[in-house]
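Structure, as C-alpha cells:
The basis for the numbers below is simple: all heavy atoms, side chains too, and nothing from hydrogens, waters or symmetry mates. Everything numeric here is computed off the predicted structure, so don't read it as measured data. Lettering of chains follows the sequences in order, A, B, ..., and the numbering in each one begins at 1.
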There are 2 protein chains.
Amino acid sequence: MSALVVVDPDDPTPPFEQVRRQLADLIAVGRLAAGDRVPPLRQLAGDLGLAVGTVARAYRELEAAGLLESRRGGGTRVTRSARPVTDDRRTRIDELAASYVARARALGADDRVVGEAVQRLLG
Amino acid sequence: MSALVVVDPDDPTPPFEQVRRQLADLIAVGRLAAGDRVPPLRQLAGDLGLAVGTVARAYRELEAAGLLESRRGGGTRVTRSARPVTDDRRTRIDELAASYVARARALGADDRVVGEAVQRLLG
DNA sequence: CGGTTTGTGTCAATGCTTTAACACAAACCG
DNA sequence: CGGTTTGTGTTAAAGCATTGACACAAACCG
C-alpha cells in the first residue's frame, strides 16, 4: 500500500512543495505516464492530512509548468505532450545546473565526476 | 573560489534548512572532517546574504544533532565523534545529479539540453 | 434532465521564518 | 591585562504557508 506521495512533517520544506516535487519526479521518471490521472484534490488532501488548498497549489504549479492538466469535474491528468523549451525555462535550467555543479564541487568532486554523474542518467 | 554552501532563492525550502542540509552532507561525506572549523556566523551570513540568526539556527540544529560544537569566541567546529559515512560521497553526488536531471526534465527540457547546461559550466 | 464529482476561488486566523539591530558572554590573541 | 572575535539571545516587524470553511463552476454519469 505504498502511497503515491508522502509528506514528512519533520521536513521544514512546505508541504505543497514536497507534493509538487514528488509528483514532478514521478512524471519525469515515467512512473506517472502521459494521460494518467492523479488523485482528486480532496482525496489526496485527506490521505496526506493536508488542506485542499495546499494540494491545489501543488497541482496548480505543476499545471503552470506544463506537467498536469486540470478540468473541473474531470479530474487532473498528466499532460500528453511536453512543451517546447522556452527562454524562461532555459534560464531556469541553467540555474538548476549551476546549483548542482556548485553543490557537487562542494562535496569534493572534480569536474569529470560531476559531468559523468549527469551523463550516466541521460544515456 | 568555491563556495562552501549555496542557497537557492527559488527553492521554497527555508534557507536555514538549505544550509543545515548542505553542511550535514559535507560532514557525512568527509569534506568537512572532525575538528575542521566552519565559517564564523557573520562571515557565512554575509556571503550568503542571510541574517546572522538564520545561519545561527542551522549551526544550532547541527549542534543538537551532535555534528557541530560551538564555543563563544572559539568558533564552531565539526565534532570528533561525527564520522563520515565511508565513501558514500559517490552516492551523494549521484543523488544530486538525479535531483537536477529530474527537475530539469520536469521543466520540459530534453536530455540534450539538460546535459549541455552542465557541460557549459565545466569548461 | 438532475445529482455528483471535481477543480477553483475567497476569506480570516494562525503559525513559522526571516530580517535587522542591538546587547551580552565567553574564548581568543597580542 | 585589554581589545577583538565569535557565539548567543532578544525584540518587533514583515512576509509566506497553511488551515478550515464556504461558495461557485464545470465536467461527469445514471
Sidechain-backbone polar pair: [X] side chain, [Y] backbone, donor-acceptor under 3.5 Å:
{"X": "B:Asp25", "Y": "B:Ala28", "answer": "no"}
{"X": "B:Gln22", "Y": "A:Arg103", "answer": "no"}
{"X": "B:Arg77", "Y": "B:Gly35", "answer": "yes"}
{"X": "B:Arg80", "Y": "B:Ala34", "answer": "no"}
{"X": "B:Tyr59", "Y": "B:Pro40", "answer": "no"}
{"X": "B:Tyr100", "Y": "B:Val114", "answer": "yes"}
{"X": "A:Thr79", "Y": "A:Gly66", "answer": "yes"}

* **Bracket string, DNA chain C, 5' to 3' - pairs by Watson-Crick or G-U geometry under 3.5 Å, | interstrand** => ||||||||||||||||||||||||||||||
* Structure fact -> To the nearest angstrom, the CG-C1' distance between A:Leu68 and C:dT8 comes to 15 Å
* Expressed in angstrom and rounded to an integer, what is the separation of B:Asp11 atom CG from C:dT18 atom C1'? -> 16 Å
* **Steps toward salt bridge (charged side-chain N to carboxylate O under 4.0 Å, His left out) verdict (A:Arg20, A:Glu17)** => CA-CA 5 Å; A:Arg20 206 217 88 245; A:Glu17 173 67 9; 2.6 Å; yes
* Structure fact -> Comparing nearest nucleotides in DNA chain C, the 5'-proximal residue of the pair B:Pro14, A:Pro40 is A:Pro40
* May I ask you to say whether B:Arg60 pairs ionically with B:Glu63, meaning some side-chain N is under 4.0 Å from a carboxylate O? => no
* Name the first nucleotide and the last nucleotide along DNA chain D (5' to 3') that come under 4.0 Å of a heavy atom in chain A. => D:dA17 to D:dC28
* Asked: With a 4.0 Å cut-off on heavy atoms, is B:Pro12 in touch with a base, just the backbone sugar-phosphate, or nothing at all?
  -> nothing
* To do: Scan B:Glu63 against the nucleic acid and name what it touches under 4.0 Å (heavy atoms): base, sugar-phosphate only, or nothing.
  => sugar-phosphate
* Structure fact -> Of C:dT18, C:dT19, C:dT8, the nucleotide closest to the side chain of B:Arg57 is C:dT18
* Please tell me which of A:Val52 and B:Gly75 maps to the more 5' nucleotide of DNA chain D, matching each residue to the nucleotide holding its nearest heavy atom. => B:Gly75
* Asked: For A:Thr13 and B:Ala56, take the nucleotide of DNA chain D holding the closest heavy atom to each; which residue's nucleotide lies nearer the 5' end?
  -> B:Ala56
